[in-house]
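In what follows, a structure is listed as structure tokens, so that the remarks can point back to it.
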Amino acid sequence: MGRSISEDEAIEAAWNVQLPSLRLDMPLPSRSEFKRLRNERGDKAYADIGVWLRLCSIATSRRGHTLPLDYEQLAQWLFGSVGKSTIVAEHVNALIAADLAFIGADGSLYFPTVENEFIRYGKMIVGGSRGGRPRGKKKRRR
């Protein structure tokens with residue numbers, strides 16, 4: 001029986017690591033968050049989901065797997081132009097209202113999907129299934 005790995009250990013192990021993949025519940029239109037987004041935004045929901053996917057992708061490679069809540073920086077990453085910060089703000093606010101993103105106590109933008117994957121991957125690192133051996137299970141060589 002394996003040892004239990006805490007979320008704190010997992011977070012520490014994966015803090016600076018780029019996530020190699022991101023699990024999504026498919027199909028996206030069947031998720032309750034997307035349904036909420038579609039009810040509120042209509043056809044704009046599909047553009048919001050595209051922005052959400054891109055922001056999740058960016059977050060997987062950043063330290064701590066969060067993004068700064070700086071609309072100009074987000075616009076630069078998304079569209080290559082700081083001038084589209086109001087469009088980004090509209091998308092981000094819609095994602096927050098639909099619970100696809102939230103603002104943490106530190107003022108950073110968090111994504112629950114990325115956070116779940118971050119913890120899962122950190123547990124894999126600590127458990128040894130992502131290279132090396134599990135901590136405390138090194139065997140002596142004769």
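By the 4.5 Å heavy-atom criterion applied to side chains, R38 and D43 are counted as neighbours. Two residues are said to be in side-chain contact when any heavy atoms from C-beta on lie closer than 4.5 Å; V92 and L55 meet this criterion.
Residues V88 and Y46 share a hydrophobic cluster, clusters being chains of Ile/Leu/Val/Met/Phe/Trp/Tyr side chains in contact below 4.5 Å.
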Exercise answer: donor-acceptor pairs, residues 100-112 side-chain atoms, under 3.5 Å, sequence neighbours excluded:
{"residue": "D106", "atom": "OD1", "partner": "S108", "partner atom": "N", "Å": "3.1"}
{"residue": "D106", "atom": "OD1", "partner": "Y110", "partner atom": "OH", "Å": "3.4"}
{"residue": "D106", "atom": "OD2", "partner": "S108", "partner atom": "OG", "Å": "3.4"}
{"residue": "D106", "atom": "OD2", "partner": "Y110", "partner atom": "OH", "Å": "3.1"}

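Counting all heavy atoms, side chain and backbone alike, I49 lies closest to L37 at CD1-CD2, 4.0 Å. Here the shortest heavy-atom pairing between V82 and Q76 reads CG2-OE1, 3.4 Å. Here the shortest heavy-atom pairing between S81 and A75 reads O-CB, 3.2 Å.
Sorted by first then second residue, the salt bridge (Lys or Arg N to Asp or Glu O under 4.0 Å) pairs that include residues 67-88, not counting sequence neighbours, number zero.
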Would you sort out whether F34 and W52 count as a side chain to side chain contact (heavy atoms under 4.5 Å, CB included), showing the intermediate values? CA-CA 11 Å; F34 183 80; W52 174 74; over 6 Å; no

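Residues passing the side chain to side chain contact (heavy atoms under 4.5 Å, CB included) test with E40: none are found, sequence neighbours excluded. The side chain to side chain contact (heavy atoms under 4.5 Å, CB included) check on R62 picks up I58, L67, P68, W77, with sequence neighbours excluded. Applying the ring-ring contact (aromatic ring centres under 6.0 Å, His included) criterion to F79, with sequence neighbours excluded, gives no partner residue. Applying the salt bridge (Lys or Arg N to Asp or Glu O under 4.0 Å) test to E90 and every residue at least two apart in sequence or in another chain returns R41, K44. Applying the salt bridge (Lys or Arg N to Asp or Glu O under 4.0 Å) criterion to R36, with sequence neighbours excluded, gives D99.
The CG atom of L78 sits 12.5 Å away from atom OH of Y71, with the distance rounded to the nearest 0.5 Å.
Judged purely by atom type and a 3.5 angstrom limit, H91 has no side-chain atom pairing as donor or acceptor with the backbone of V51.
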